[in-house]
Amino acid sequence: MSNASHQTLVAQQFGSKAQAYRQSSVHVQGEDLDKLVELVAKRPEASVLDVGCGAGHVALRLAPQVGRVIAYDLSRQMLAEVSAQAQASGLDNLVTQIGSASELPFADATFDIIVTRYSAHHWQHLAAGLREMRRVLKPGGSAVIVDVISPGSALLDTWLQTMELLRDPSHVRDLALDEWLTFLQQAGFGTQQTIGFKIQMEFTPWLERMNADPLHGQAIRSLQQCCSSEVADYFRIDRDGNFWVDTALIAATTV
């Protein structure tokens, strides 16, 4: 049993896996990433904060097209990976900073745009994180969020969260879209746009990327092999354990 706080657990989980995440096909490409960049790009004056930047896939794509990017994450190893990539690419307008999403160390109204991709389902205090994002955005600023989305129904939600948690003990929750919209409204955002995507998770790379406990991998496969037809059909679970999840891009502005 670990005595680490959740924040420490997240940093430990991802710190040793920076290179794996840098090379992950799910993270390095995708329609969601292309759409995020399209929404934010070509604003040479914009200051951008990437919260939970991970290996920097978003920050590195945005830096050539905006004024300034801060890549922000709990993991020093992830930030070191981002810094190395930025230096290799000659991106002197991209800097890194360590910290938690629930306590952003920036002044009010600092950023034009805040982005976060595949990070928020690890946040222990999501409401606080969104309020912090709202606080440090300038009036009229935008937030663009990409994350895995719960299907909403109790049956499917239970299966999704179980697979996620067995793979990664730092997982908190994949929200349903209506939950996201409620959280954003309560934090002071108005929603401009939502776009849904489907992403296939190849079972073995999905486990290996997180260096998941082999027993947990066996547990997931055991569950998959005895799941109901409703679960198997929705997630399109195949004989090798590969499955599909819903993701969404949510663009919101300050109100």
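For clarity, every value in this text was computed on a predicted model and none was experimentally measured. Position 1 is the first residue of the sequence; numbering continues from there.
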Original post:
Is H216 reaching over with its side chain to a backbone N or O of L166, donor-acceptor style, under 3.5 angstrom?
Top reply: yes

Original post:
Hey, are the side chains of I220 and Q224 touching, using non-hydrogen atoms and a 4.5 Å cut-off?
Top reply: yes

Original post:
Is Q192 atom CD crowded by more than 12 heavy atoms from other residues, nucleotides or ligands, each under 6.0 Å away?
Top reply: yes

Please list, one pair per line, the donor and acceptor atoms closer than 3.5 Å that link side chains of residues 177-190 to other protein atoms, with sequence neighbours excluded.
{"unit_1": "E179", "atom_1": "OE1", "unit_2": "A176", "atom_2": "N", "d": "2.8"}
{"unit_1": "T182", "atom_1": "OG1", "unit_2": "D178", "atom_2": "O", "d": "3.0"}

**OP:** Check whether any side-chain heavy atom of N242 sits under 4.5 Å from a side-chain heavy atom of Q200, and report yes or no.
**Re:** yes

**OP:** Please report the shortest heavy-atom distance between V82 and A71, naming the atom on each side.
**Re:** CG1-CB, 4.0 Å

Original post:
Are L104 and V95 linked, directly or through other ILVMFWY residues, by side chains that come within less than 4.5 angstrom of each other?
Top reply: yes

Original post:
So R117 and D50, salt bridge (charged side-chain N to carboxylate O under 4.0 Å, His left out) or not? Walk me through it.
Top reply: CA-CA 8 Å; R117 180 174 182 253; D50 182 1; over 6 Å; no

Subject >> Verify same cluster id: L160, W244 (apolar side-chain graph, 4.5 Å) >> reply: no

Original post:
Okay, side chain of T158, backbone of A154: is any donor-acceptor separation there less than 3.5 Å?
Top reply: yes

Original post:
Can you find a heavy atom in the side chain of M163 that is under 4.5 Å from one in the side chain of W206?
Top reply: yes

**OP:** Specify the closest pair of heavy atoms between V48 and L62, including all atoms of both residues, with the distance to one decimal.
**Re:** CG1-CD1, 4.1 Å

Subject >> Any T110 side-chain heavy atom under 4.5 Å of L49 side chain >> reply: no

Original post:
What pair of heavy atoms forms the shortest contact from V172 to Q161, and how long is it?
Top reply: O-OE1, 4.5 Å

Subject >> Main-chain N/O of G67 paired with E45 side-chain donor or acceptor, under 3.5 Å >> reply: no

Subject >> Identified side-chain contact (heavy atoms from CB on, under 4.5 Å) partner of I113 from the options V40, V66, V69 >> reply: V40

**OP:** Compare every heavy atom of S142 with every heavy atom of L137, then report the nearest pair and how far apart it is.
**Re:** CD2-O, 3.5 Å

Subject >> Flag side-chain contact, heavy atom, 4.5 Å: V58 against C53 >> reply: no

Subject >> CZ-CG distance between R209 and D168, expressed to the nearest 0.5 angstrom >> reply: 10.5 Å

Original post:
Considering all heavy atoms of both residues, which atom of C227 and which atom of I237 are nearest to each other, and what is their separation?
Top reply: SG-CD1, 4.1 Å

Subject >> Inter- and intrachain pairs under salt bridge (charged side-chain N to carboxylate O under 4.0 Å, His left out), touching residues 186-196, at least two apart >> reply: none

Subject >> Pairs touching residues 141-163 that satisfy ring-ring contact (aromatic ring centres under 6.0 Å, His included), sequence neighbours left out >> reply: none

Original post:
Ignoring hydrogens and geometry, is there a side-chain-to-backbone donor-acceptor pair from T96 to S83 under 3.5 Å?
Top reply: no

Subject >> Contacts of type salt bridge (charged side-chain N to carboxylate O under 4.0 Å, His left out), residue D246, not counting sequence neighbours >> reply: K198

Subject >> Q87 CD: over 12 foreign heavy atoms closer than 6.0 Å >> reply: no

**OP:** May I ask you to test the H122-L74 pair for a side-chain heavy-atom distance under 4.5 Å?
**Re:** no

Original post:
If you look only at pairs with a residue in residues 72-100, which of them pass as a ring-ring contact (aromatic ring centres under 6.0 Å, His included), with sequence neighbours excluded?
Top reply: Y72-F106

Original post:
Can you check whether Q193's main-chain N or O pairs, donor with acceptor, with T191's side chain at less than 3.5 Å?
Top reply: no

Original post:
Should L165 and L223 be regarded as members of a common hydrophobic cluster, given that ILVMFWY residues are connected when their side-chain heavy atoms come within less than 4.5 Å of each other, either directly or indirectly?
Top reply: no

**OP:** Measure the spacing between CD of E164 and CE of M201 and express it to the nearest 0.5 Å.
**Re:** 7.0 Å

**OP:** Kindly write out the residues that satisfy side chain to side chain donor-acceptor pair (under 3.5 Å) with R173, not counting sequence neighbours, or none if the list is empty.
**Re:** D157

**OP:** Output, in order, the C-alpha distance, side-chain angles, deciding distance and verdict of side chain to side chain contact (heavy atoms under 4.5 Å, CB included) for L175 and H121.
**Re:** CA-CA 8 Å; L175 296 182; H121 60 271; over 6 Å; no

Subject >> Note, Y118 side chain near D147 side chain (heavy atom, < 4.5 Å) >> reply: yes

Subject >> Listed once per pair and sorted, the salt bridge (charged side-chain N to carboxylate O under 4.0 Å, His left out) pairs that draw on residues 129-142, sequence neighbours left out >> reply: D108-R135, D112-K138, E132-R135

Subject >> Within residues 213-229 or reaching into it, pairs that qualify as salt bridge (charged side-chain N to carboxylate O under 4.0 Å, His left out) - sequence neighbours excluded >> reply: none

Subject >> Test item: N93 side-chain N/O and A63 main-chain N/O as donor-acceptor pair under 3.5 Å >> reply: yes

Donor-acceptor contacts under 3.5 Å from residues 247-255 side chains, at least two apart:
{"unit_1": "T254", "atom_1": "OG1", "unit_2": "G140", "atom_2": "N", "d": "2.8"}
{"unit_1": "T254", "atom_1": "OG1", "unit_2": "G141", "atom_2": "N", "d": "3.4"}

Original post:
Taking D238 for the side chain and D240 for the main chain, is one N or O donor matched with an acceptor at less than 3.5 Å?
Top reply: yes

**OP:** Only pairs at least two apart or in different chains count here, so list each salt bridge (charged side-chain N to carboxylate O under 4.0 Å, His left out) that has a residue in residues 89-99.
**Re:** none

**OP:** Show which residues join L79 in its hydrophobic cluster (side-chain heavy-atom contacts under 4.5 Å, direct or indirect), or state none.
**Re:** I98

**OP:** Could you name each residue pair satisfying ring-ring contact (aromatic ring centres under 6.0 Å, His included) that touches residues 73-99, not counting sequence neighbours?
**Re:** none

Original post:
So, for V51 and T116, which heavy atoms are closest and what is the spacing to 0.1 Å?
Top reply: O-OG1, 2.8 Å

**OP:** Could you check if a side-chain atom of F111 sits within less than 4.5 angstrom of a side-chain atom of M133, using non-hydrogen atoms only?
**Re:** no

Original post:
Is the backbone N or O of M78 less than 3.5 Å from a side-chain atom of S75, with the two atoms forming a donor-acceptor pair by type?
Top reply: yes

